[in-house]
Amino acid sequence: MKNLLIDIGNSSFCKLAVSDGSSILSVCRLEKAELVSAVEKERDCGEIDIVCVSSVAHDNPVLEDRLRAVCGKVVVVDASTPMPMKVDYDTPGTLGADRIAAALGAAELFPGKDCLIFDFGTAITVDLVTSDRRFMGGNISPGLSLRLRALHEHTGRLPLVSPSAPVRMYGRNTAEAISNGAVLGIMFEVEKYIENNPQCRIIFTGGDSLFFAKKLKSPIFVTFNLVLKGLLKIAQLNNV
């Protein structure tokens with residue numbers, strides 16, 4: 001059995017994973033423009049049973065048609081996709097596929113545990129999935145680079161700075177003040193969520209996850225492929 005798992009985020013990159021149906025064998029990060037050709041290469045190396053896609057980009061029927069030309073079974077994940085998790089959300093049609101797949105991935109990693117999932121990407125999402133596999137919702141705030149860019153682009157004179165680990169609470173120059181404001185603001189935000197959910201297993205994922213995990217004292221599980229782990233399970237259930 002050969003399944004392909006695709007995680008399309010907000011940046012110009014995406015992830016393509018190859019699965020044998022029970023585990024992930026390989027993961028590559030590539031430009032979105034390279035995705036179809038990469039899938040075609042995988043098809044040339046062996047028949048594909050199912051392609052399972054999580055995408056937070058705008059709907060792309062051309063991409064879906066091209067994927068279906070490579071593999072007849074393509075599942076584009078949304079809240080209505082069959083999965084072993086109940087989505088308890090007032091507007092399921094607006095819920096990002098990445099949040100759904102990450103929550104299911106967390107439930108698979110820590111069965112029987114309440115999980116609080118932090119995804120540090122363009123946006124920071126904080127989502128709760130309960131021990132009985134109910135997605136209870138979550139919150140969305142600007143990610144680290146977005147905060148820094150917003151300060152630069154929406155003010156007259158503040159520079160665009162690169163984030164750095166705070167060496168003191170209050171910046172002694174403008175670049176340090178901006179970096180501290182963004183980094184410490186996120187850390188204080190995350191610490192309060194953790195404090196308010198002592199029963200939860202804390203999971204960090206996304207591009208900035210390791211940066212923040214190193215700065216917090218709480219026990220944290222870091223994984224860079226949580227969405228793919230959720231897609232793996234969805235592919236298993238929908239490959240019929």
Side-chain angles (χ1 to χ4, degrees), residues 3 5-10 14-15 17 19 22 24 50-59 74-143 186 189-209 212-213 218-240:
N3 299 340
L5 316 172
I6 300 174
D7 176 10
I8 302 174
N10 287 303
C14 62
K15 289 182 179 179
S19 163
S22 60
I24 294 173
I50 185 171
V51 176
C52 192
V53 183
S54 164
S55 176
V56 298
H58 292 295
D59 290 342
V74 177
V75 174
V76 180
V77 173
D78 61 26
S80 66
T81 302
M83 68 187 77
M85 180 179 72
K86 179 176 175 55
V87 176
D88 195 352
Y89 201 69
D90 290 344
T91 56
T94 69
L95 180 59
D98 58 336
R99 296 173 64 192
I100 296 170
L104 180 55
E108 287 291 307
L109 282 171
F110 299 103
K113 302 288 186 181
D114 292 341
C115 295
L116 195 63
I117 305 131
F118 295 84
D119 191 339
F120 296 89
T122 302
I124 296 172
T125 59
V126 187
D127 290 312
L128 175 65
V129 60
T130 61
S131 58
D132 58 351
R133 294 188 176 229
R134 293 173 64 90
F135 178 89
M136 302 301 293
N139 296 328
I140 305 172
S141 64
I186 291 172
E189 190 178 314
V190 170
E191 286 171 344
K192 194 64 177 179
Y193 280 116
I194 295 174
E195 177 186 327
N196 286 345
N197 295 275
Q199 83 287 0
C200 285
R201 194 71 171 85
I202 305 301
I203 303 172
F204 280 14
T205 192
D208 289 327
S209 55
F212 285 102
S218 302
I220 294 164
F221 180 82
V222 179
T223 174
F224 292 104
N225 295 316
L226 192 61
V227 169
L228 295 175
K229 295 180 191 301
L231 292 179
L232 173 66
K233 187 63 178 180
I234 292 172
Q236 289 173 347
L237 292 180
N238 287 270
N239 191 15
V240 293

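Everything numeric here is computed off the predicted structure, so don't read it as measured data.
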Q | Where Pro84 and Leu104 come nearest, the two heavy atoms and their spacing | A | CG-CD1, 3.8 Å

**Q.** Sequence-distant partners of Phe110, ring-ring contact (aromatic ring centres under 6.0 Å, His included), two or more places apart
**A.** Phe221

Q. Is it true that a side-chain atom of Ser55 and a backbone atom of Ala57 form a donor plus acceptor pair closer than 3.5 Å?
A. yes

Q. Who are the salt bridge (Lys or Arg N to Asp or Glu O under 4.0 Å) partners of Asp127, not counting sequence neighbours?
A. Arg99

Q. Atom CG of Asn239 and atom OG of Ser19: how far apart are they, to the nearest 0.5 Å?
A. 9.5 Å

(Q) Treating Thr223 as the side-chain partner and Thr205 as the backbone partner, does any N or O pair qualify as donor plus acceptor under 3.5 Å? (A) no

(Q) Please give me the minimum heavy-atom distance between Ser22 and Leu232, naming the atom from each residue. (A) O-CD2, 3.8 Å

Q. Once you round to the nearest 0.5 Å, how far does CG of Asp119 lie from OG1 of Thr125?
A. 4.0 Å

Q: Return yes when atom CG of Asp90 has more than 12 non-hydrogen atoms of other residues, nucleotides or ligands closer than 6.0 Å, and no otherwise.
A: no

Q.
Nearest 0.5 angstrom please: Ile234 CD1 to Asn3 CG, how far?
A. 12.5 Å

Q. Does a side-chain heavy-atom distance below 4.5 Å link Ile203 with Cys115?
A. yes

Q.
Could you report the tightest heavy-atom contact between Leu226 and Ala106, atom names first, then the distance?
A. CD1-N, 3.6 Å

Q.
Is any side-chain heavy atom of Ile100 closer than 4.5 Å to one of Met85?
A. yes

(Q) How long is the straight-line distance from CZ of Arg201 back to CG of Leu109, given to the nearest 0.5 Å? (A) 9.5 Å

Q. Name the one of Val129, Val87, Thr130 that satisfies side chain to side chain contact (heavy atoms under 4.5 Å, CB included) with Met136?
A. Thr130

Q: Would you name the heavy atoms of Cys200 and Leu128 that are closest together and state the gap between them?
A: SG-CD1, 3.6 Å

Q.
Does any part of the side chain of Pro219, heavy atoms only, come nearer than 4.5 Å to the side chain of Ile202, both counted from C-beta?
A. no

(Q) Please evaluate residues Arg133 and Glu108 with respect to the criterion side chain to side chain contact (heavy atoms under 4.5 Å, CB included), reporting the C-alpha separation (whole Å), side-chain torsions for both, the decisive distance (0.1 Å), and the verdict. (A) CA-CA 9 Å; Arg133 294 188 176 229; Glu108 287 291 307; 2.8 Å; yes

Q.
What's the separation between atom NZ in Lys15 and atom CG in Asn225, rounded to the nearest 0.5 Å?
A. 4.0 Å

Q: Start with the C-alpha gap between Ser209 and Phe118, add the side-chain angles, then the distance that decides, and say whether side chain to side chain contact (heavy atoms under 4.5 Å, CB included) holds.
A: CA-CA 8 Å; Ser209 55; Phe118 295 84; over 6 Å; no

Q) With side chains defined as the heavy atoms from C-beta onward, is the minimum distance between Asn197 and Asp114 less than 4.5 Å? A) no

(Q) Applying side chain to side chain contact (heavy atoms under 4.5 Å, CB included) to Ile186 and Phe212, what does each step give before you reach the verdict? (A) CA-CA 9 Å; Ile186 291 172; Phe212 285 102; 3.6 Å; yes

**Q.** Under 3.5 Å: donor-acceptor pair, side chain of Asp98, backbone of Ser54
**A.** no

Q: Could you check Val53, Val76, Leu231 and say which one makes a side chain to side chain contact (heavy atoms under 4.5 Å, CB included) with Ile6?
A: Val53

Q: Might you point out which heavy atoms bring Glu189 and Ser141 nearest each other, and give the distance in Å?
A: OE2-OG, 2.9 Å

Q) Which atoms form the tightest heavy-atom contact between Ala103 and Phe135, and what is the distance? A) CB-CD1, 3.5 Å

Q. To the nearest 0.5 Å, what is the distance between CG (Leu95) and OG (Ser80)?
A. 11.0 Å

